[in-house]
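Shown next, in structure tokens, is the structure this report addresses.
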Amino acid sequence: MSELKMTGKQLLGLGYPQGPVIRVAIDVIAEHYPAATPEEAEAVLSSVLKDPVAYQHDPVLGAIAAHLMVEEKPEVIALRDTPVDYAIFGAEFIEEGTIKQLNNAIRLPVAVAGALMPDAHQGYGLPIGGVLATDNAVIPYGVGVDIGCRMCLSILDLPEASLETQASNYQKALKNKTKFGAGAEWKRNDADPVLERSEFREIPVLRNLLDKAAGQLGTSGSGNHFVEWGIVTILDANNEWNLAPGNYVGLLSHSGSRGMGAQVAGHYTRLAKELCVLPKEAQHLAYLDMNTEAGQEYWLAMNLAGDYASACHHLIHQRMIAEMGATLLARVENHHNFAWKEIHHGKELIVHRKGATPAGKGMLGIIPGSMTAPGFIVRGKGEESSLHSASHGAGRQMSRTKAIASITAEEMRKMLQDNGVTLIGGGLDEAPGAYKDINTVMSAQSDLVETVGRFQPKMVRMADGGPAED
DNA sequence: ATGTTC
């Protein structure tokens with residue numbers, strides 16, 4: 001795409017006021033004046049600024065004019081005085097600030113129920129590991145920035161011993177068939193039905209994101225995202241796939257909706273904060289009414305981002321499995337940053353899980369440990385007090401900054417060696433010691449999920465920070 | 001989490 005992209009600075013230079021009009025003007029120019037020169041765009045924007053009333057009925061520029069004419073801010077929506085009671089799992093691991101965040105969220109006028117998972121920690125708006133059910137309203141920051149961030153596990157017919165005897169082939173697949181780093185794209189990529197979805201044409205904010213989405217399909221991004229080979233141990237003889245208990249080679253991935261989802265999240269978070277002004281301590285919990293155009297649009301865009309994240313995992317797995325000449329025996333996958341329409345207490349609610357695994361009765365999911373600690377294949381017990389949810393991992397016990405400052409490269413190398421794990425990329429901020437003990441976290445949620453099997457990582461690839469790698 | 005954004 002070569003559409004004209006104005007910057008906030010340029011607009012302020014023209015005399016535009018601080019505020020939402022900046023974003024609106026950038027969007028309008030990108031969408032409706034793609035072929036204009038910067039000078040032409042500035043001339044148009046200056047005319048609107050000079051006399052917004054003259055443009056208020058203009059089908060394109062009217063949106064900018066409306067923002068220039070608006071002066072009064074919407075009224076601040078008060079939080080309820082009396083919070084709804086909610087369950088906390090593993091309260092002994094959860095910091096006071098995290099609980100305060102859910103205490104605020106549960107006082108939203110649209111909040112119906114909530115829960116905190118044992119890996120919970122502070123986030124923007126809703127805490128990570130937080131679950132919140134609302135009545136007919138969706139909170140963009142209740143889903144999170146990485147919409148549809150999810151896990152995918154493939155169980156393969158390869159012999160366990162091949163992880164050692166064929167180690168170089170497994171490593172080659174990780175190096176050649178995955179791509180990590182912020183902004184990383186495949187130069188030549190496969191087609192996928194998700195890229196044909198009509199939402200890319202029908203929803204304005206998605207129109208400019210199709211090219212990026214096409215390039216980033218099947219990439220993993222950065223942060224805590226990974227692709228890894230390891231050993232799946234099936235423990236439950238009554239498993240859904242009739243797999244014999246024992247060991248299998250598995251492929252596990254963790255990633256989300258990449259730049260496309262991040263842009264969707266950013267757009268609707270800004271919009272929600274304009275339309276729904278809350279007291280300062282709850283400002284990031286701004287919600288969209290599901291009966292409004294904005295709410296409906298977010299719902300469609302969020303679902304598309306979720307399907308896109310799923311397609312990314314499937315492409316990664318398809319390429320890795322083909323590279324190893326393997327056959328897929330079973331697959332488990334689940335979003336852990338998303339919102340769903342679910343019935344609880346006889347009423348349809350919008351259930352936000354921000355870093356929480358869906359755990360309805362009989363639902364399968366994956367809860368990862370760390371690059372050396374096992375992950376768990378789980379089956380939900382449908383516990384109502386957790387709103388059918390469980391943790392989405394072990395949870396950090398150290399911030400990234402603290403991990404980098406307090407864990408040495410030698411300690412991390414030894415930890416990997418002791419556990420027989422090979423790491424490609426990765427940094428000290430993702431060291432095993434930066435995470436809580438997954439076994440402790442699992443025992444804090446034994447009422448929420450049962451264990452079907454385990455996954456022991458053996459060969460891990462992560463982003464190594466800095467610019468995109470090849 | 002994201003090429004680090006009004």
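Quick caveat, the model's predicted, so the values are computed rather than measured. So you know, we letter chains A, B, ... as the sequences are listed, proteins then strands, and number each from 1.
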Using a 3.5 Å cut-off and no angle test, enumerate the donor-acceptor pairs between side-chain atoms of residues 122-131 of chain A and protein atoms at least two apart in sequence or in another chain.
none

Closest of B/dC6, B/dG3, B/dA1 to the A/His225 side chain is B/dA1

Report the C-alpha separation of A/Lys273 and A/His284 in whole Å, then their side-chain angles, then the decisive distance to 0.1 Å, and conclude whether the side chain to side chain donor-acceptor pair (under 3.5 Å) test is met. CA-CA 7 Å; A/Lys273 283 173 156 179; A/His284 300 306; 3.0 Å; yes

Measure CD/A/Glu185 against C1'/B/dT2 and give the value in whole Å, please. 13 Å

Step through it carefully: locate the ring centre of A/His392, locate the ring centre of A/His335, and say whether they are under 6.0 Å apart. no

Using a cut-off of 4.0 Å on non-hydrogen atoms, how would the nucleic acid contact of A/Ser257 be classed: base, sugar-phosphate, or nothing? nothing

Within the structure shown, what part of the strands sits under 4.0 Å from A/Gln216 by heavy-atom distance: base, sugar-phosphate, or nothing? sugar-phosphate

Could you check whether A/Gly256 gets within reach of a base, just the sugar-phosphate, or nothing at all, counting any heavy atom under 4.0 Å? nothing

Just the rounded figure in Å: distance from P of B/dA1 to CZ of A/Arg396. 8 Å

Under 3.5 Å donor-acceptor pair, A/Gln263 side-chain atoms to B/dT2 base atoms: no

Using a heavy-atom cut-off of 4.0 Å across all strands, would you classify A/Lys212 as base, sugar-phosphate, or nothing? sugar-phosphate

For A/Tyr308 and B/dA1, what is the distance between atoms OH and P respectively, to the nearest whole Å? 17 Å

Atom NE2 of A/His336 and atom C1' of B/dA1: how far apart are they, to the nearest Å? 11 Å

Just to confirm, is there a sub-4.0 Å distance from OP1 or OP2 of B/dC6 to any side-chain nitrogen or oxygen of A/Arg270? no

If only atom types and distance count, is the side chain of A/Arg258 paired as donor or acceptor with the main-chain N or O of A/Gly218 below 3.5 Å? no

What integer distance in Å separates A/Arg400:CZ from B/dT2:C1'? 12 Å

Rounded interatomic separation in angstrom, taking NZ from A/Lys273 and P from B/dC6: 13 Å

Taking only the side-chain nitrogens and oxygens of A/Ser222, find out if one of them lies under 4.0 Å from OP1 or OP2 of B/dT2. yes

B/dA1 OP1/OP2 closer than 4.0 Å to side-chain N/O of A/Asn337: no

Select base, sugar-phosphate, or nothing to describe what A/Ile26 touches, counting heavy atoms under 4.0 Å on all strands. nothing

Surrounding CZ of A/Arg396 (heavy atoms of other residues, nucleotides or ligands, distance under 6.0 Å), is the total greater than 12? yes

Calculate the interatomic distance between A/Asp429 atom CG and B/dA1 atom P; express it in whole Å. 9 Å

Between B/dT2 atom P and A/Asn208 atom CG, what is the distance in whole Å? 20 Å

